[in-house]
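So the structure is just underneath, and the comments pick up after that.
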Amino acid sequence: ADTLPNNSNSFLRVTEYSAATNLVFTSSTNRDYQVQYRLDLADTNEVWQTEVDWFEATSTQTVQSVAMATSNRFFRIRAKLR
């Protein structure tokens, strides 16, 4: 995720989920990101669904629009080297 392993403050994290339509997370301009979601974390048969496919980050913080959920959604961010 282009983080610094010797810096405890350097990690990929969701910093805000505002109005159920925007997911804000730390990012790097050297990485591509994908947003995935699940409806249930306890169901071991459920697979992660793609909310937003791979895209380039343009700053150290990304605001990504997500669909308005009618039920609980659990998000994860995936990162890969560009």
Side-chain angles (χ1 to χ4, degrees):
D2 206 20
T3 59
L4 303 170
N6 59 350
N7 181 343
S8 62
N9 292 318
S10 177
F11 57 93
L12 175 62
R13 65 185 171 275
V14 173
T15 58
E16 185 178 341
Y17 178 51
S18 59
T21 58
N22 287 321
L23 194 64
V24 182
F25 61 94
T26 57
S27 56
S28 166
T29 57
N30 297 323
R31 298 290 184 263
D32 290 341
Y33 295 91
Q34 181 184 55
V35 178
Q36 295 183 325
Y37 74 93
R38 283 178 66 168
L39 301 178
D40 185 353
L41 292 178
D43 182 355
T44 57
N45 293 319
E46 186 178 2
V47 296
W48 288 96
Q49 302 293 317
T50 299
E51 174 77 18
V52 181
D53 213 357
W54 294 102
F55 62 93
E56 295 181 10
T58 58
S59 70
T60 58
Q61 183 174 10
T62 296
V63 178
Q64 182 61 55
S65 295
V66 293
M68 182 168 266
T70 56
S71 61
N72 288 339
R73 279 196 173 187
F74 301 92
F75 291 99
R76 79 175 179 182
I77 309 297
R78 296 179 66 205
K80 71 177 181 180
L81 185 61
R82 183 170 307 144

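What's counted below: heavy atoms across the whole structure, side chains too, no hydrogens, waters or symmetry copies. Since the structure is predicted, the reported quantities are computational estimates derived from the model, not experimental observations.
- Centroid-to-centroid, the aromatic rings of Phe75 and Phe25 stay 6.0 Å apart or farther.
- The two atoms that bring Leu81 and Asn30 nearest to each other are CD1-O, 3.9 Å, heavy atoms only.
- Listed by chain and residue number, Asp43 satisfy the side chain to side chain contact (heavy atoms under 4.5 Å, CB included) test with Asn45 (two or more places apart in sequence, or in another chain).
- Not one N or O on the side chain of Glu51 forms a donor-acceptor pair closer than 3.5 Å with the backbone of Val66.
- Phe74 forms part of a hydrophobic cluster together with Leu41, Trp48, judged by ILVMFWY side-chain heavy-atom separations under 4.5 Å.
- Here Asp32 pairs with Arg82 under the salt bridge (charged side-chain N to carboxylate O under 4.0 Å, His left out) rule; sequence neighbours left out.
- Evaluation of the ring-ring contact (aromatic ring centres under 6.0 Å, His included) rule for Tyr37 yields no partner, not counting sequence neighbours.
- Between Leu39 and Glu46, the shortest heavy-atom contact is N-OE2, 2.8 Å.
- Annotation: side chain of Val47 is in contact with side chain of Gln49 (closest heavy-atom distance under 4.5 Å).
- Considering only residues two or more places apart in sequence or on other chains, Thr50 meets the side chain to side chain contact (heavy atoms under 4.5 Å, CB included) condition with Gln34, Gln36, Asp53.
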Would you give me the side-chain donor-acceptor pairs under 3.5 Å for residues 54-61, sequence neighbours excluded?
{"unit_1": "Ser59", "atom_1": "OG", "unit_2": "Gln61", "atom_2": "N", "d": "3.3"}
{"unit_1": "Ser59", "atom_1": "OG", "unit_2": "Gln61", "atom_2": "O", "d": "2.6"}

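- No side-chain donor-acceptor contact under 3.5 Å links Thr62 to the backbone of Gln64.
- Put simply, the side chain of Tyr33 never gets that close to the backbone of Val52: no donor and acceptor are under 3.5 Å apart.
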